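Data first, discussion second: the structure below is written as structure tokens.
Not measured: the values here are computed from a predicted model.
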Number of protein chains: 2
Amino acid sequence: MTQQTLEQLETPALLLDEAQMQRNIERMRSRLRRLGVGFRPHVKTNKSIEVSRRLMESPEGPITASTLLEADYFAQHGVRDILYAVCIAPNKLQHVMKLQDQGVRMSLILDNMETARILADGARGSGRSFEVLIEIDSDGHRSGVRPEAPELLEIARFLHGNGVTLKGVMTHAGASYDCKAPAEITAMAEQERAGAVRAAERLRAAGLPCPVVSVGSTPTALFAEQLAGVTEVRAGVFVFFDLVMAGLDVCRTDEIALSVLATVIGHQREKGWTLLDAGWMAMSRDRGTAGQRVDQGYGLVCDLDGRPLEDFILVGANQEHGIMARRSGAAGPLPAVGTQVRILPNHACSTAAQFRQYEVLGPEHSVTATWPRFSGW
Amino acid sequence: MTQQTLEQLETPALLLDEAQMQRNIERMRSRLRRLGVGFRPHVKTNKSIEVSRRLMESPEGPITASTLLEADYFAQHGVRDILYAVCIAPNKLQHVMKLQDQGVRMSLILDNMETARILADGARGSGRSFEVLIEIDSDGHRSGVRPEAPELLEIARFLHGNGVTLKGVMTHAGASYDCKAPAEITAMAEQERAGAVRAAERLRAAGLPCPVVSVGSTPTALFAEQLAGVTEVRAGVFVFFDLVMAGLDVCRTDEIALSVLATVIGHQREKGWTLLDAGWMAMSRDRGTAGQRVDQGYGLVCDLDGRPLEDFILVGANQEHGIMARRSGAAGPLPAVGTQVRILPNHACSTAAQFRQYEVLGPEHSVTATWPRFSGW
């Protein structure tokens, strides 16, 4: 393949700085080594075998997936240990069985007796076993049973007595995204750990198996002081990072490996506007920094070397148009038509999902490869 | 293909009610017939040949596209008259030429002298001609030159004298999405028409060609009282409609042809939450109704027959989880695990973009076909 440069790409395009990604991966790896826990990377952010290959401990996994399409895709690429980390719905059981038939060790999660009964019926009806983790609610932000809830033992006993393999407990402290400072994240990491470990202790005290204690989010994984009792960590967004993570001081903006390449296509000079060919279809509608100390609009605009144009902000976005203005309202020259910029995303998962491929950035504006990715279910 | 029913689909899935879509198309067609103008449907909402085939006046078009990937795809399906309705960027000219080489009549737009010079250079350098419409800013919401601006004639004269075919003017009153009532939309439609026609008159008075006067948005197309001087209308979202359009009284909620099928996967009963397997990855992060009279959260939840569960609202969304609660805060039974619901989207363009295919709904919960769609650039 002829090597391209940034300047030759059609815009918008999704850029991935490979060297920076590798540093982000190393940071997570060394952190988890120090904490003495296993790693089950979440592939929902990258949805690419090229990226995930660099994350996984072996070509067979393990990984965490957010959709069964991810499970299908990674199974086709040889992954054999997949946790589907959304409470299993009845209409997905057939699909899970197909993955099992391909030799994939699928782990499922659930947090309620209704689903436990459906799964037990499915196991009985199909004559097969399912491996299940019970989801624990360690922070009140979404799903899961509370670590002290009576239902925890009720669900576990029912599963264990009805042909379902009780693999353990898992939790995700999504509330860590709303922390205001690293000290709060460290406290949230301890809350996440303690909740999962407490649930595991209750199961074991009741004579039930609980080999796996799985926790994780990018912030808590990077700021946990200790993970005693935890067997594995899940995290995904760290591979790219994004402005929400930077707003939490989980990373610096110059550690964000993902950006959208866009081109200036016009101006409304009396308003101080510069129009770009990247709108919300490219950036996504995610405005995750809106509630943070610094609202980054639809993304932080940088030059081609990734240096922020500090005074500019993407104040608006139509489907294929981005509207860039000055934060300060100051006058001054605007970038000429044809100028390319790189825009750091609020949320790597949602921006990456808008694109079909990564353009892999090497040294000096070189584009060294194109890595496909997918979306959907 | 075996015919499926809604109940057999894996969720989340994107449902398209074909009969309702057909009624929406008929409404637009009869409206434009009465107004006596041509139709150049915008394919950016549907990105599907199956849907667009039902919109187009002939298998060869014309259509309006928002990306060159749309142009490629529809060209492969036989469309031969494509307006690329985003100001052309220098790095897209080679791609446009490839489309021309395939026999596609490509129309481009621009709104500034810098782009005009780039295009003239491109025409000269490649020995070919480009057809161009000048974009007019009729409402101050985005790009375009004002109808009375001196630059309008400057750009037109330059193009006409430098080997570029001046095809006319175009405008899009995107501000119609912010109107509060149909009377305001009617006024906006007249402003859009008057702006484009005034620009065309100025060109003609200067002895310049202006055969095409192109306007449009779904609200203004449906509420214009007259379109004297306009030759063609562009609109796209009307084919599906959405909650933003319903909030503007452009349609009723029962005219929305697009919905996301989701399944109840759990509850947090003490909070009154029902958890669904459709989060922002399925619905998109678009919160277009947040500023309207009724904030619909991440979407209006309906039963399988499309009847709204009026008291429920999707108050939150994680990547693959939707959190449904009662607007009133009232107590009462929550739908059981496994229950399917249909969620009407805030914005059809952004929700549809999250999916790879439409599940086509026929009578009595039947799924009569699967129509692929695409995203990206």
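Heavy-atom distances place the side chain of T263(A), and not its backbone, under 4.5 Å from chain B. Residue L14(A) does not touch chain B at all, counting heavy-atom pairs closer than 4.5 Å. At a 4.5 Å heavy-atom cutoff, the contact between D286(A) and chain B is made by backbone and side-chain atoms alike. For K44(A), the parts lying near chain B are the backbone and the side chain together; criterion is any non-hydrogen pair under 4.5 Å. Interface remark: R373(A) contributes no atoms to any contact with chain B (heavy atom separation under 4.5 Å). Heavy-atom distances place both the backbone and the side chain of A282(A) under 4.5 Å from chain B.
Between D111(B) atom CG and L152(B) atom CG the span is 11.0 Å, to the nearest 0.5 Å.
E114(B) and R269(A) are joined by a salt bridge, as a carboxylate oxygen and a charged side-chain nitrogen come within less than 4.0 angstrom of each other. Using a 4.0 Å cut-off between charged side-chain N and carboxylate O, K98(A) and D72(A) make no salt bridge. A salt bridge links E70(B) to K47(B): at least one charged side-chain nitrogen sits closer than 4.0 Å to a carboxylate oxygen.
By number of non-hydrogen pairs under 4.5 angstrom with chain B, the leading residue of I323(A), N318(A), L275(A) is N318(A). Chosen from G144(A), G338(A), S143(A), the residue pairing most often with chain B at heavy-atom distances under 4.5 Å is S143(A).
W280(B) and H347(A) have perpendicular rings, their planes meeting at more than 60° on a 0 to 90° scale where under 30° would count as parallel.
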